[in-house]
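Within every chain, numbering begins at 1; the chains are lettered A, B, ... in the order of the sequence lines, protein sequences first and strands thereafter.
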Amino acid sequence: MSESAFTFRCDDDFEPEKIFSCGQCFRWNASEDGSFVGVAFSRAARVSKRGDEITISGTEEDYAAVWRDYFDLGRRYDEIRERLGVDEYMREAIEDGRGIRILRQEPWEALCSFIISQCNHIPRIKGIVERFCALFGEPIAFEGGVLHAFPTAEKTASLTEEDLTPLRCGYRAKYVLSAARAVSEGRIALEELARGSQSDALCALKTIDGVGDKVAACVMLFGLGFYDAFPRDVWIKRALAERYGGDFDLSRFGGCAGIAQQYLFWHRRRENTED
DNA sequence: AAACAGGCCTAAA
DNA sequence: TTTAGGCCTGTT
């Protein structure tokens, strides 16, 4: 069976390996040929890069409707990198993480995924999320096989904690359900929050059981398009304590602190695994 | 084997 | 307003 694909030239930062494995998303996996296969917005795709040419499954219409925004291609990361290099360590982190882009993910998927992420390693988060999708997501035919969409909030809200035991996500199951109910019952309107202020979004997200400052910041950055949201996880806390004595002024990043965070996160994590 | 993992909640000062 | 302990499960 033949599948269409759309190829375009990209002269800005775009490194699939870094984009998909920097911890912002959990549904993309590397193939042996270096391409990545994943699902977003209920569409499966294979993404590959050769030189400055990017190829994504689907038509140009799919690209225009979904992938362009998903990969945040309206933003020049090369220019942002210049602005974020406010000191030596930041410049080091940025050079190391060059090629990263912030994905604009589905808000509910981001919320649910980062609730699951708490106190877990990335491989385990991916495992839990994949089991969740395989069990409760709509099937999507792709390259002769079947992938699954991320389960909707409505579908999730119809489940019980017992239904979620096969995920083996432990105490996070009740958080996932409480979030699903908040969203499906309209108490939390994620799309609407994306159009409002960052502080309102933070406030609303934190009313969900199991969502604190860190998870809320991830949802805002990766799902709602608040590029100034700055998730403070253990790695960021480490980096800030080691390099800045806890004194780190986010206002220097001109509304892009979240992107700075992602370079810092990538770099600080690599410092550990590479020596 | 004990500690920790991209936290959060509650209780107690 | 900060801190300790518990929480599911897996890995090192």
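- Residue contacts for A/Gln261: at a heavy-atom cut-off of 4.0 Å it reaches a base atom on one of the strands shown.
- Between A/Asp13 and A/Arg75 there is no salt bridge, since no side-chain nitrogen of the basic residue lies less than 4.0 Å from a carboxylate oxygen of the acidic one.
- Nucleotides B/dA1 and C/dC8 place their P atoms 24 Å apart, quoted to the nearest Å.
- Among the atoms of the strands shown, none is found under 4.0 Å from any heavy atom of A/Phe114.
- You'll find that the side chain of A/Arg238 is closest to B/dA5, out of C/dC8, B/dA5, B/dG6.
- Inspection of the A/Arg46 and A/Ser35 side chains reveals an N or O donor paired with an N or O acceptor under 3.5 Å.
- In this structure, A/Leu164 reaches neither bases nor backbone, as no heavy-atom distance under 4.0 Å exists between it and the strands shown.
- No donor-acceptor contact under 3.5 Å links the side chain of A/Tyr175 to the base of B/dG7.
- Map A/Cys22 and A/Gly210 each onto its nearest nucleotide of DNA chain B; the residue landing nearer the 5' end is A/Cys22.
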Tabulate atom names and distances for all N/O pairs under 3.5 angstrom spanning the protein and nucleotides 10-12 of chain C.
{"from": "C/dG10", "atom 1": "OP1", "to": "A/Arg168", "atom 2": "NH1", "distance (Å)": "2.8"}

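- Residue contacts for A/Ile125: at a heavy-atom cut-off of 4.0 Å it reaches no nucleic acid atom on any strand shown.
- A/Phe136 is not listed as a side-chain neighbour of A/Phe150, based on a closest heavy-atom distance of 4.5 Å or more.
- Nucleic acid contact class of A/Arg232 (heavy atoms, under 4.0 Å, all strands): none.
- Applying the 3.5 Å distance criterion, the base of B/dG6 shares a donor-acceptor pair with the side chain of A/Lys214.
- In this structure A/Asp249 satisfies the salt bridge (charged side-chain N to carboxylate O under 4.0 Å, His left out) test with no other residue, sequence neighbours excluded.
- For A/Gln118 and B/dC9, the CD to C1' distance is 10 Å, given to the nearest whole Å.
- Rounded to whole Å, the P atom of C/dG5 lies 23 Å from the corresponding atom of B/dG6.
- Checking A/Thr165 against A/Glu161 by side-chain atom types alone, no donor-acceptor pair falls below 3.5 Å.
- Using modelled atom types and a 3.5 Å distance limit, the side chains of A/Arg50 and A/Thr55 yield no donor-acceptor pair.
- Both distances falling under 3.5 Å, in either a Watson-Crick or a G-U wobble arrangement, occur for no nucleotide opposite B/dG6.
- No contact: A/Pro123 has no heavy atom under 4.0 Å from any strand.
- Take the nearest nucleotide of DNA chain B for A/Asp209 and for A/Asp233: the residue whose nucleotide is more 5' is A/Asp233.
- When heavy atoms are screened at a 4.0 angstrom cut-off, A/Gly212 is found touching the sugar-phosphate backbone but no base atom.
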Open item on the list: For a ring-ring contact (aromatic ring centres under 6.0 Å, His included) check, start with the C-alpha distance between A/Tyr263 and A/Trp266, then their side-chain angles and the critical distance, and finish with the verdict.
Closed with: CA-CA 5 Å; A/Tyr263 290 120; A/Trp266 171 267; 9.6 Å; no
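- Pair check for C/dC8 finds none; no Watson-Crick or G-U wobble contact set falls under 3.5 Å.
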